[in-house]
Amino acid sequence: MNLDNPLLILRNQISAIDSKLISLLSERRSLAEAVAHAKEKINHPIKDKERERELLASLIEQGKELNLDGYYVTRLFKTIIEDSVLTQQALLQNKLNNIRQSARIAFLGPKGSYSHIAARQYASRNFEHLIEYSCHNFQDICTHVETDQADFAILPIENTSSGAINEVYDLLQHTSLSIVGELTIPIEHCILVSCDTKLMNIQTVYSHPQPFQQCSQFLNSFPTWKFEYCESTAAAMKKISLLNSPNAAALGSEAGGLLYSLHALEKEIANQQQNITRFIVLSQKPIEVTHQIPAKTTLIMATGQQSGALVEALLVFREHNIVITKLESRPINGNPWEEMFYLDVQINVTDVAMKSALKALEDITRSQKILGCYPSENLIPV
Ligand SMILES: O=C(O)C(=O)C[C@]1(C(=O)O)C=C[C@@H](O)C=C1
């Protein structure tokens, strides 16, 4: 070590602290796993808001004495506790459903796509080994699982900036697969290029239609740019890498771009700062969700066309005290002007209230289908 270089000495000290933090976080995670086993035995819910509140209040106090502001402490520990809850949930769920050690996951686009990042994140929490199947389109992803070439399908379903992904909602009407999980991924779009260039030199930008929508405000300030649609952001990155031109750019994630030796010319260009995509995970068989963790059920229903039909159906959920977290509608193929409604409700499908609500709905809807019941990853922060 060069002891004359003060920057190097300080950096080495920081690295030593960071290593300690990493091993402490790993130790904390092991304890959380032990807590999950203990809670399983006494049938205690995984999430304990009271304990989280006490823990955060005490940590904020401790932080204050050490000159760490409350916002910083809260942000850090929310992430740590969220990881703890998700680790515990995955542990109980995998035990209940005999989930395999290794899984074949089908996702959209070549390596580096946001779907690829989502597949890796889901696998890291649930399996030891991941076998990746990159697919060309959403239908191809479902077919892989329907025909047993893959165990799980990862599909983006909605984005905080551009809304619902209609093609995926339409696929859900016809697939035999069940939703078994969900996860959210922050989307951080960049202008990616392969060589030394400037924004003013760009002529054509390649990407999937979704990122174009999500970055429309930034893109509108370059009226001369041409836009070319690709199957995925990763397909766009691959293209830019092959073209190796100062006049072409891709719209996608910095992490994905690195896999294609691209660098970010401009970062954080999405219309909304909080640009998050929610993905759903599907498999051939539905799963059972333990009552110790928060569950979500997704269902579709077609109501009659008489006035008030939808309101009547929604009232059933209110009467049963069931929270609806999402309501979407899509046209029914072959029945012009008729709509299929998609609902996410915050309840386990095996809950008595849900069973009773479904029974009541049978009498007032034309059709209904449960798409799946799964652990909810959208944890309500304390
Ligand atoms: O103390 C517990 O009950 C835990 O499960 C641990 C823990 C944590 O990580 O601190 C995680 C989840 C609970 O909501 C509260 C706290």
Side-chain angles (χ1 to χ4, degrees), residues 17-99 118 120-128 180-186 274 276 278-279 281 287-297 321-323 325 344-351 353-354 373-382:
I17 289 181
D18 290 346
S19 299
K20 277 191 207 154
L21 285 175
I22 285 284
S23 58
L24 285 173
L25 287 172
S26 154
E27 211 178 304
R28 193 186 197 283
R29 202 192 251 193
S30 303
L31 284 173
E33 284 171 3
V35 168
H37 289 301
K39 284 183 174 174
E40 191 190 10
K41 287 203 181 90
I42 55 168
N43 204 12
H44 194 289
I46 292 296
K47 194 144 176 75
D48 187 332
K49 289 186 185 170
E50 198 44 50
R51 165 71 181 152
E52 286 186 23
R53 217 170 274 131
E54 279 169 17
L55 200 61
L56 276 179
S58 147
L59 289 164
I60 289 168
E61 256 332 287
Q62 289 176 50
K64 254 190 216 161
E65 283 167 26
L66 299 166
N67 273 335
L68 298 173
D69 73 88
Y71 175 68
Y72 172 66
V73 171
T74 308
R75 231 172 33 151
L76 266 181
F77 278 88
K78 267 192 179 158
T79 306
I80 292 171
I81 294 171
E82 190 178 289
D83 173 80
S84 162
V85 172
L86 294 177
T87 302
Q88 294 187 53
Q89 287 191 1
L91 207 137
L92 294 198
Q93 272 309 107
N94 290 348
K95 212 166 155 195
L96 187 67
N97 294 285
N98 289 325
I99 296 276
R120 286 200 166 177
Q121 181 168 312
Y122 186 73
S124 75
R125 212 175 280 288
N126 292 287
F127 319 107
E128 280 180 14
V180 296
E182 68 171 358
L183 71 159
T184 47
I185 299 277
Q274 280 261 27
I276 298 167
R278 185 165 77 95
F279 289 83
V281 186
I287 53 156
E288 211 182 310
V289 183
T290 163
H291 285 266
Q292 287 172 274
I293 67 178
K296 208 185 238 185
T297 301
N321 239 335
I322 297 173
V323 177
T325 53
D344 282 352
V345 287
Q346 218 166 292
I347 190 167
N348 195 310
V349 73
T350 59
D351 201 291
M354 184 62 177
C373 174
Y374 45 96
S376 176
E377 281 221 1
N378 296 345
L379 301 171
I380 301 140
V382 171

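First listed ligand is number 1; within each ligand, the first listed atom is number 1. It should be emphasised that the depicted structure is a prediction, and the values quoted were computed from it without experimental measurement.
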Do me a favour and list the nearest non-hydrogen protein atom to [atom] with residue, atom name and distance?
atom	result
atom 16 (C) of ligand 1	Arg51 CG, 3.9 Å
atom 14 (O) of ligand 1	Glu52 OE2, 2.5 Å
atom 2 (C) of ligand 1	Lys39 NZ, 3.5 Å

Notebook entry, point to check: Strictly by modelled atom types, are Ser58 and Gln62 linked by a side-chain donor-acceptor pair under 3.5 Å?
Noted result: yes
[X] side chain near [Y] side chain, heavy-atom distance below 4.5 Å:
X	Y	value
Leu91	His37	yes
Glu182	Ser376	yes
Arg278	Asp344	yes
Ser84	Arg28	yes
Asp83	Arg125	yes
Glu52	Val85	yes

Check: Take atom CG in Leu24; do more than 12 heavy atoms of anything else shown fall under 6.0 Å from it?
Finding: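 Check passes, neighbour count above 12.
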Go through ligand 1 atom by atom and flag the ones less than 4.0 Å from a non-hydrogen atom of [X].
X	answer
Lys47	14 (O)
Val85	12 (C)
Ser84	7 (C), 8 (C), 9 (O), 11 (C)
Ile46	5 (O), 12 (C), 13 (C), 14 (O)

Next item on the list: Would you kindly specify which portion of Gln88 sits under 4.0 Å from ligand 1, judged on non-hydrogen atoms: side chain, backbone, both or neither?
Entry: side chain
Next item on the list: Could you tell me whether Leu55 approaches ligand 1 through its side chain, its backbone, both or neither, with non-hydrogen atoms closer than 4.0 Å?
Entry: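 Leu55 to ligand 1: side-chain contact only, backbone stays beyond 4.0 Å.
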Checklist line | Option nearest atom 8 (C) of ligand 1 (shortest heavy-atom distance, choices Arg28, Glu54, Glu82) | finding: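 Answer by nearest heavy atom: Arg28.
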Check: Could a heavy atom of Lys49 be found less than 4.0 Å from some atom of ligand 1?
Finding: no
